[in-house]
Amino acid sequence: MKEIEQILNDEIDKFINQNPYKNDKTIKGLSNRFKYISENTDKVNNKINKLVNEYLQSNPETDIEKLNNKVKIITKRFFTNSVNG
């Protein structure tokens, strides 16, 4: 399970770091970060789902409920980190 956690965290970090407004602490920057989140939510969810499905194919014994909880926590970082700048 640690393997997929690391892969997902790395992927979320890529999306967070790609936000061109991540260091803009102004109100306009906050607005732009929200816009970035809005425009990239589907991309993030699709990429995470693809990675999870690939992992589950090679690791069918994985506890799905536990994995889903990890995915929720990791994906939430994209939203909160982008908002906080």
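If you read the sequence from its start, that first residue is 1, and numbering goes on from there. The structure displayed is predicted, hence computed values, not measured ones. Only heavy atoms go into these numbers, but all of them, side chains included; no hydrogens, no water, no symmetry mates.
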- prompt: Are M1 and V71 connected in a single hydrophobic cluster, I mean Ile/Leu/Val/Met/Phe/Trp/Tyr linked by side-chain heavy atoms less than 4.5 Å apart?
  reply: yes
field: Close side-chain approach of L8 and K70, heavy atoms under 4.5 Å
entry: no
- prompt: Considering only heavy atoms from C-beta outward, does the side chain of E11 approach that of I74 to under 4.5 Å?
  reply: no
query: Do you reckon I73 sits in the same ILVMFWY cluster as V44, going by side-chain contacts under 4.5 Å, direct or chained?
result: no
- request: Rounded to the nearest 0.5 Å, what's the gap from CG on N19 to CZ on F78? Could you check?
  value: 7.5 Å
query: Is I7 reachable from L56 through a run of I, L, V, M, F, W or Y residues, each pair having side-chain heavy atoms under 4.5 Å apart?
result: yes
field: Under 3.5 Å: donor-acceptor pair, side chain of T41, backbone of I37
entry: yes
Any donor-acceptor N/O pair, N46 side chain to D42 backbone, under 3.5 Å: yes
Which pairs would a plain distance check flag for residues 59-69, meaning a side-chain donor or acceptor within less than 3.5 Å of a matching protein atom at least two apart in sequence or in another chain?
unit_1, atom_1, unit_2, atom_2, d
N59, ND2, Y55, O, 3.0
T62, OG1, N59, O, 2.6
D63, OD1, E65, N, 3.1
D63, OD1, K66, N, 3.3
N69, ND2, E65, O, 3.4

- request: Compare all side-chain heavy atoms of I48 with those of I12 and state whether any distance is below 4.5 angstrom.
  value: yes
Validation row: Y36, F15 side chains within 4.5 angstrom (heavy atoms): yes
Distance in Å, N9 CG paired with I4 CD1, rounded so as to fall on 0.5 Å steps: 10.0 Å
Gap separating the NZ atom of K47 from the OG1 atom of T75, nearest 0.5 angstrom: 13.5 Å
message: Let me confirm one number: the OG1-CZ distance from T26 to R33, rounded to the nearest 0.5 Å.
response: 7.5 Å
- request: Answer whether the closest heavy-atom distance between the side chains of Q57 and N53 falls below 4.5 Å.
  value: no
